[in-house]
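Quick notes on the structure that follows.
Letters A, B, ... mirror the listed sequences (proteins, then strands); counts begin at 1.
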Protein chains: 2
Amino acid sequence: MRLSKRGEYGLRAMIALAEPADKSDAPHMMQIKEIALREGISAKFLEQILLALKNNGLLHSKMGVGGGYYLARSANEITLGQIFRVLDGPVAPVKCVSQMAYEPCGCPDEETCGLRLVMGDVRNAIADILDTTSLADVVKRQGSLRKKLGIK
Amino acid sequence: MRLSKRGEYGLRAMIALAEPADKSDAPHMMQIKEIALREGISAKFLEQILLALKNNGLLHSKMGVGGGYYLARSANEITLGQIFRVLDGPVAPVKCVSQMAYEPCGCPDEETCGLRLVMGDVRNAIADILDTTSLADVVKRQGSLRKKLGIK
DNA sequence: CTAAAAGTATACTTGTACTATAGACTTTAT
DNA sequence: ATAAAGTCTATAGTACAAGTATACTTTTAG
């Protein structure tokens with residue numbers, strides 16, 4: 001049930017962009033290099049990932065000197081599920097229980113296939129978390145944890 | 001979050017073996033060929049999978065003429081989680097939230113990493129389902145569904 | 001006791017997806 | 001005009017998944 005590096009790096013970058021830049025609530029614009037350095041990722045690889053997120057409407061960018069990437073919508077309107085699906089595809093463990101990208105699997109009777117029933121539950125459990133957690137939720141959670149631990 | 005073919009076939013085979021052979025509650029012994037045919041799987045590939053399950057103590061086998069595979073324990077003592085881990089490895093989407101196979105990931109501060117927090121939730125949601133569902137549960141669920149639909 | 005049925009074990013192949021890396025191009029600020 | 005930044009496409013190396021092949025061992029029937 002692994003999350004790919006692509007997915008991992010993309011989610012990390014989006015979370016970084018969701019953190020407030022300063023006291024103001026202006027959108028946090030960051031350059032690829034800046035994110036790559038901070039997260040310890042190859043800048044070129046991250047480039048592709050951010051591009052995919054942009055092409056799917058989750059990021060905007062500004063070209064030229066002083067440019068960078070920023071969230072296309074406010075952090076509480078972007079869910080982890082949206083990001084995940086762009087980078088890693090459907091959430092479902094097997095295609096035959098996918099809501100977004102259904103395909104039949106090979107079982108004789110899909111209606112009463114035991115494996116399908118359980119995998120359907122798994123899919124729902126994962127989707128419940130990813131689709132109800134926004135970037136803002138993640139940032140908030142990080143923040144209160146840092147506060148509790150007395151860190152920066 | 002895909003389930004590999006290896007995992008899928010193995011789980012299907014185990015469920016098949018968990019279904020009662022007849023009225024008696026003797027262990028259901030089946031040959032590789034028999035399972036492969038029923039599930040529409042390559043027998044040679046299934047062979048490897050069943051061997052792995054045997055070497056990890058989930059199956060027993062009887063060699064020679066009239067032999068076959070059967071569950072090493074009763075169907076309610078084998079969980080899907082056990083089978084899954086043998087065939088597909090850890091349940092956790094990222095290694096740094098794995099209970100069974102922890103490894104650090106690259107984040108600056110693991111304690112307050114937002115991604116890690118969420119992926120921990122995902123891991124627990126998946127593990128909750130797989131580790132509390134036994135083969136017997138799956139068979140029971142299939143049975144009641146078949147009954148409800150009036151099928152065989 | 002021997003032949004055939006069945007599982008054991010390992011090695012090989014083929015394809016695809018992951019994880020990048022490279023390089024040429026476009027836009028923008030100064 | 002130039003340099004800083006993003007855009008886009010192609011390619012490469014590696015690892016892993018999925019499936020094949022082959023040779024060997026154990027067991028039972030006859």
Cluster check L17(B), V139(B): I/L/V/M/F/W/Y, side chain < 4.5 angstrom
no
Grab the NZ-P distance between K62(A) and dT7(D) for me, whole Å please.
13 Å
Give me the other members of the hydrophobic cluster that M29(B) sits in, counting Ile, Leu, Val, Met, Phe, Trp and Tyr linked by side-chain heavy atoms under 4.5 Å, directly or via other members.
Y70(B)
Partners meeting side chain to side chain contact (heavy atoms under 4.5 Å, CB included) with L117(A) (sequence neighbours left out)
R141(B), L145(B)
Given atom CE of M63(B) and atom C1' of dA29(D), what is their separation to the nearest angstrom?
17 Å
Can you give the first and last nucleotides of DNA chain C, 5' to 3', that have an atom under 4.0 Å from a heavy atom of chain A?
dT19(C) to dA29(C)
So which one's nearest nucleotide on DNA chain D is more toward 5', G66(A) or E47(A)?
G66(A)
Rounded to whole Å, how long is the line connecting atom CG of D88(B) with atom C1' of dC16(D)?
12 Å
Could you give the CE-to-C1' distance, from M29(A) to dA5(D), as a whole number of Å?
10 Å
Below 4.0 Å: OP1/OP2 of dA5(D) and any side-chain N or O of S61(A):
no
Provide, to the nearest angstrom, the distance between the CD1 atom belonging to I49(B) and the C1' atom belonging to dC16(D).
15 Å
Partner set under side chain to side chain contact (heavy atoms under 4.5 Å, CB included) for E77(A), not counting sequence neighbours:
R73(A), S74(A)
Partners meeting side chain to side chain contact (heavy atoms under 4.5 Å, CB included) with S42(A) (sequence neighbours left out)
K44(A), F45(A)
Using the side-chain heavy atoms of K44(A), tell me which of these nucleotides is nearest: dC8(D), dA4(D), dG19(D).
dC8(D)
Whole angstrom value for the distance that separates P of dT7(D) from NE2 of H60(A):
11 Å
Under 4.0 Å, heavy atoms only, any strand: does I32(B) hit a base, just the sugar-phosphate, or nothing?
sugar-phosphate
Do D137(B) and N76(B) have side-chain heavy atoms sitting under 4.5 Å apart?
no
Could you tell me the separation between the NZ atom of K54(A) and the P atom of dA5(D), rounded to a whole number of Å?
16 Å
Which part of the nucleic acid, if any, lies within reach of Q31(A) when heavy atoms closer than 4.0 Å are counted: base, sugar-phosphate only, or nothing?
sugar-phosphate
What is the distance, to the nearest angstrom, from the CD atom on Q48(A) to the C1' atom on dA10(D)?
10 Å
With sequence neighbours excluded, what pairs up with E110(B) under the salt bridge (Lys or Arg N to Asp or Glu O under 4.0 Å) test?
R116(B)
